[in-house]
Amino acid sequence: RVIFLAVKLVDVLMKNCESFHRYVTSKDYITTLTDIIHQKSSDDKILCETILELFVCWANWYTTANIPSPFPSLLEEFAQKGFKLPRPAKENLDRPDFMRKQSQSQSQ
């Protein structure tokens, strides 16, 4: 339960705190989340699906903003290992405002 709440907090921070993105995209943090998925995949499906859904959302955010990230290749690895990637809710696919502004300034 504590891990699930921590993951939900990460989701909120990713949506609202630009400086937090550097931490979440770090190799150490991604390794921690992927380890949770591998360790809990059989006994805590909701937690694993939540983390995978966040990966899908984050991959979408970064891809549509033309910002390199590790998330698309990470999702590809999970799909190759047989994990079913969840379809996130439409409202979760919307990039945070600061990412929209960042991608707009890069395209000008």
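Heavy-atom basis, side chains included; hydrogens, waters and symmetry copies ignored.
Pairing each heavy atom of P72 with each of A59, the nearest pair is N-CB, 4.0 Å. Heavy atoms only, all atoms of each residue included: P86 and L52 are closest at CD-CB, 3.7 Å. Closest approach of H21 and C17 over heavy atoms only: CD2-O, 3.4 Å.
Atom CD in E53 sits 12.0 Å away from atom CD1 in I46 (nearest 0.5 Å). A distance of 9.0 Å separates CG in D11 from CG in N16, rounded to the nearest 0.5 Å. Remark: I51 CD1 to L47 CG distance equals 4.0 Å, nearest 0.5 Å. The structure places CD1 of I67 at 10.0 Å from OG1 of T25, a figure rounded to the nearest 0.5 Å. Rounding to the nearest 0.5 Å places CE of M14 at 12.5 Å from CG of L9. Rounding to the nearest 0.5 Å places CG of D35 at 7.0 Å from NE2 of H38.
Here the options are T50, L33, L85, the test is side chain to side chain contact (heavy atoms under 4.5 Å, CB included), and the partner is F55; only L33 passes.
Side chains of V10 and F20 form a contact here, defined as non-hydrogen atoms less than 4.5 Å apart. Side chains of T34 and F78 form a contact here, defined as non-hydrogen atoms less than 4.5 Å apart.
Aromatic ring pairs are classed by plane angle as parallel below 30°, tilted from 30° to 60° and perpendicular above 60°; the pair Y23 and Y29 is tilted. Below 30°, between 30° and 60°, or above 60°: for F71 and Y62 the angle between ring planes is between 30° and 60°, a tilted geometry.
A donor-acceptor pair is defined here as one N or O able to donate and one able to accept, closer than 3.5 Å; no such pair exists between the side chain of S26 and the backbone of R22. Under a 3.5 Å cut-off, the side chain of S73 and the backbone N or O of P70 do form a donor-acceptor pair.
Residues V56 and V12 fall into different hydrophobic clusters, defined by Ile, Leu, Val, Met, Phe, Trp and Tyr side chains chained together at heavy-atom separations under 4.5 Å.
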